[in-house]
There are 4 protein chains.
Amino acid sequence: MGRKSIADIRKEEIIDAFFKVVAEKGLANATIREIAEAAGCSQGMLHHYFENKEAMVLGVVENVIASYTPEFEREISKYHSPTERMQFLFSWFLDTERFDLQFCRAWMEIWILAKTHPAISTALRSCYRVIRDVVAEIIRDGIRLGEFGKVDADIMANLILGSIEGGTLLWVVDAEATPVSAVGEQRAKLFLHYLTGEV
Amino acid sequence: MGRKSIADIRKEEIIDAFFKVVAEKGLANATIREIAEAAGCSQGMLHHYFENKEAMVLGVVENVIASYTPEFEREISKYHSPTERMQFLFSWFLDTERFDLQFCRAWMEIWILAKTHPAISTALRSCYRVIRDVVAEIIRDGIRLGEFGKVDADIMANLILGSIEGGTLLWVVDAEATPVSAVGEQRAKLFLHYLTGEV
Amino acid sequence: MGRKSIADIRKEEIIDAFFKVVAEKGLANATIREIAEAAGCSQGMLHHYFENKEAMVLGVVENVIASYTPEFEREISKYHSPTERMQFLFSWFLDTERFDLQFCRAWMEIWILAKTHPAISTALRSCYRVIRDVVAEIIRDGIRLGEFGKVDADIMANLILGSIEGGTLLWVVDAEATPVSAVGEQRAKLFLHYLTGEV
Amino acid sequence: MGRKSIADIRKEEIIDAFFKVVAEKGLANATIREIAEAAGCSQGMLHHYFENKEAMVLGVVENVIASYTPEFEREISKYHSPTERMQFLFSWFLDTERFDLQFCRAWMEIWILAKTHPAISTALRSCYRVIRDVVAEIIRDGIRLGEFGKVDADIMANLILGSIEGGTLLWVVDAEATPVSAVGEQRAKLFLHYLTGEV
DNA sequence: CATGAATGAGACTTCATTCAT
DNA sequence: TATGAATGAAGTCTCATTCAT
């Protein structure tokens, strides 16, 4: 668990700048020149640290995963019952300070890139599989402990994740017409009622 | 109910070709040259019918709306109870023959474009607001008729739409890991149980 | 001296439209489509009557010459003394109703074309040689009749024509800073004083 | 009084090449490809130094002004009486080595561009206003010192400038028929006689 | 490490001209 | 005659990437 090298720090700066540009101007306008300006370095520098743009996108994905995973795990470990954990999970993804509009926009753009860039696809898939497994595991725990009714945990995890991401998608496209927090609360209620069997 | 003019036919051909290219190779690779080849015409032709690429995307959106709306309305009018209508709605969007992987991929790409292209944003928003209103109306009917419990119809419509689109999003990114039809069935069950109060 | 054929009328309409477009939007923006719209006919029509754009420009030049020459000759024939004729000449070119800003702008644009289009060059040259000869002839008359002092009539004609056209040029580029009619009067005074020897 | 940077040198090279191409082939044929070839660099280079073609034209105008103004001021400062200064002014603009046919052709082309390009118009106008002011100032000096009769200095300056530029215009269009130096001498004589009151 | 000048392929777009109807 | 759909060459401009310094 060595110290971060200068190169790593520089890489992170570039990734931050890149993500910022994507969030503000969109992926299509995130040119090397623009990123270099945002990062306060030359165009040559970028290619010194990242072979190409795809590598930078990969860096973003890894960076996002690396920075949020520990936080998520630390926080969720505070909750012990599946019901509470599930509640926390919904609220965590709903936190519009952590996942603000700009973040979500940039993230969606990258998501789309996955289609044509296998490496990005792989990174994203592994990221979401991890989350899906976490969710499924909570559900399985809930079933085992009798808090939740019997459902297919994997299908359910998929459904939950999809609902969360879909809510974000609608929000990104039409922020005004989307009462994101009210919808988020309703979502938590909906799924928990279904899982716990209450109405 | 006039006949379609040659211009309209040609426009449709171009839009089809465009959509096909986007679905296959992604929006970034949907160059004028590529589209022209797919449409079997010259590059100049494209600009004869569409001022620029944005106009073509708008054409796609309008085309999709125009071709699916009548079908949807015709079909849903066969069902009368809110519960049946809601069931139909879920199954309609789940139909992977109509909305196959390629279609959904292209559609998601266009969605992302909305961020930087106001005209596209407007078109998409109006499209989704229409759907949202349809869903909300069904819910309100259900509440009025006593089939559904009391919920905020608009929030619920948002949630339903988000869940559907989010499911598609996950599917597009990781088709293998997404049992889309099982998830779809689960989704219908989930929402209908919640709405009708059954468990 | 037969009647104008339909073809001739149509040609003239097109030339008028062309000249109007050039005056309003500049030669670079005088596309075939634009001209066709202004003339109220199809693009194909233009090529039916004029082989290409150069032919249209030639048509303009010929048209201008043909329409102004008779008027000029009719008017100038009313004056008999070289001094009066010279005075008329200055005032004729100074008439900003006949040669308004738009006319002059278009004319200057065409002028510049001469450099790269031999046929246009020929037409313009012959046009200006005619005017130069008229001016030189007046001067020679003046000298012969003792109204003017002895000067090189050809040089002087050149100088006069240059002054008139140069005044127009300045006007076209910076209409606000150019008191075109005051300058025109001064010009007439200047040359007539020089020619007649008065001060 | 710092050294010129490489960027400045390169810019000047490009401007020179551009001006050369315009002079030889006309503005319409001064394509980026042609200019790049003349400058011995790639097309991309041109856009590295100049945002677009209009910027290049502006560069030309600024370059011409910057390179001739000091020379003109240095030279004219050698003459002290308004009469001599006026004489110098006519001869300076008449110098066909400095302002040769190619230079004048290119310059006229740029002039016409002013109509549709506001920035170019502004640059040219300010250039000519400076010259006009210089001429008017000489005239006012002459009047004050009693060398020149009373005339409206601004009108007169306009007339002089117009005559000079008009002479150039005729020369550019029909070099053969224009005895430019004889006309130039006559012009100097004409205006000086008028100003000084001699005949 | 760092720079940014330089490249060149390729994108979008325009437009005179042709030609089937 | 008349139309305007269709073409294709050519233009401007962008941008990831390379490389000498």
Side-chain angles (χ1 to χ4, degrees), chain A residues 5-7 10 14 28-37 39-56, chain B residues 5-11 13-14 27-36 39-56, chain C residues 5-7 10 14 28-37 39-56, chain D residues 5-11 13-14 27-36 39-56:
Chain A
S5 69
I6 291 181
R10 202 51 65 92
I14 293 171
N29 297 98
T31 64
I32 294 289
R33 176 202 293 259
E34 200 94 37
I35 300 163
E37 268 172 28
C41 66
S42 71
Q43 299 181 37
M45 273 299 293
L46 298 192
H47 284 90
H48 188 76
Y49 287 107
F50 295 92
E51 204 185 345
N52 51 34
K53 251 173 127 179
E54 182 171 356
M56 280 174 55
Chain B
S5 70
I6 290 181
D8 285 335
I9 294 171
R10 199 67 84 213
K11 270 190 165 191
E13 283 173 7
I14 292 171
L27 198 59
N29 297 98
T31 66
I32 295 289
R33 175 205 295 267
E34 204 92 35
I35 300 163
C41 67
S42 70
Q43 299 184 33
M45 264 298 292
L46 298 191
H47 289 93
H48 188 73
Y49 287 105
F50 296 92
E51 207 182 340
N52 49 36
K53 249 176 127 178
E54 182 172 355
M56 281 174 53
Chain C
S5 70
I6 291 180
R10 203 48 67 92
I14 292 171
N29 297 97
T31 64
I32 294 289
R33 176 202 292 258
E34 200 96 34
I35 300 164
E37 269 173 27
C41 67
S42 70
Q43 300 180 36
M45 274 297 293
L46 297 193
H47 284 91
H48 188 76
Y49 287 107
F50 296 92
E51 202 185 345
N52 50 34
K53 252 175 129 179
E54 183 172 355
M56 280 174 54
Chain D
S5 70
I6 290 182
D8 285 335
I9 293 172
R10 198 68 82 216
K11 270 190 166 192
E13 284 173 7
I14 292 171
L27 198 59
N29 297 98
T31 65
I32 295 288
R33 173 205 296 266
E34 203 92 37
I35 300 163
C41 65
S42 71
Q43 298 184 35
M45 263 298 291
L46 299 191
H47 289 93
H48 187 73
Y49 287 105
F50 296 92
E51 207 182 341
N52 51 34
K53 248 176 127 180
E54 182 171 356
M56 281 174 52

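Letters A, B, ... mirror the listed sequences (proteins, then strands); counts begin at 1. These numbers come from a predicted model, not from an experiment.
- When each of B/Met45 and A/Ala7 is assigned the nucleotide of DNA chain E with its nearest heavy atom, A/Ala7 is the one assigned upstream, toward the 5' end.
- The side chain of B/Tyr49 contributes an N or O atom lying less than 4.0 Å from OP1 or OP2 of F/dA6.
- What separates CG of D/Leu27 from C1' of F/dG11 is a distance of 14 Å, to the nearest Å.
- Residue A/Arg33 places none of its side-chain N or O atoms closer than 4.0 Å to OP1 or OP2 of F/dA16.
- The shortest distance between the side-chain N/O atoms of B/His47 and the OP1/OP2 oxygens of E/dT13 is below 4.0 Å.
- Pairing for E/dA20 is with F/dT3, a Watson-Crick or G-U wobble pair whose two hydrogen-bonding atom distances lie under 3.5 Å.
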- Item | Residue pair B/Met56, B/Ile14: steps toward the side chain to side chain contact (heavy atoms under 4.5 Å, CB included) verdict | CA-CA 8 Å; B/Met56 281 174 53; B/Ile14 292 171; 4.1 Å; yes
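- Between the C1' atom of F/dT14 and the CG atom of D/Asn52 lies a distance of 13 Å, rounded to the nearest Å.
- Residue contacts for A/Ile32: at a heavy-atom cut-off of 4.0 Å it reaches a base atom on one of the strands shown.
- Checking E/dT14, E/dT17, F/dT1 against the side-chain heavy atoms of C/His48 singles out F/dT1 as nearest.
- Between the CD atom of D/Glu34 and the P atom of F/dT12 there is a distance of 10 Å, rounded to whole Å.
- Where C/Gly40 and D/Ala30 meet DNA chain F, the nucleotide closest to each residue was compared, and C/Gly40 sits on the side nearer the 5' end.
- Per the geometry, CE belonging to A/Met56 stands 10 Å off P belonging to F/dA16, to the nearest Å.
- Contact between the side-chain N/O atoms of C/Arg10 and the OP1/OP2 oxygens of F/dA2 is found at a separation under 4.0 Å.
- With DNA chain E read from its 5' end, the first of the two nearest nucleotides for B/Gln43 and C/Lys53 is the one closest to B/Gln43.
- Put simply, CG on C/Asn29 is 12 Å from P on E/dT14, counting in whole angstrom units.
- Side chains of A/Arg10 and A/His48 form no contact here, defined as non-hydrogen atoms less than 4.5 Å apart.
- Remark: P of E/dA5 and CG of D/Leu46 are 14 Å apart, rounded to the nearest angstrom.
- Nucleotide E/dC15 has F/dG8 as its partner under the Watson-Crick or G-U criteria, with both atom distances under 3.5 Å.
- With rounding to whole Å, B/Phe50 atom CZ is found 19 Å from E/dA11 atom C1'.
- For the pair D/Phe50/D/Lys11, a side-chain contact is recorded, criterion being any heavy-atom separation below 4.5 Å from C-beta on.
- Side-chain atoms of A/Glu37 and A/Arg33, non-hydrogen and from C-beta on, do get closer than 4.5 Å to each other.
- Residue D/Ser42 places its side chain closer to E/dT7 than to any other of F/dA6, E/dT7, F/dT17.
- Atom CG of A/Asn52 sits about 11.5 Å away from atom CG of A/Leu46, to the nearest 0.5 Å.
- D/Glu51 has its CD atom 15 Å from the C1' atom of F/dC15, to the nearest Å.
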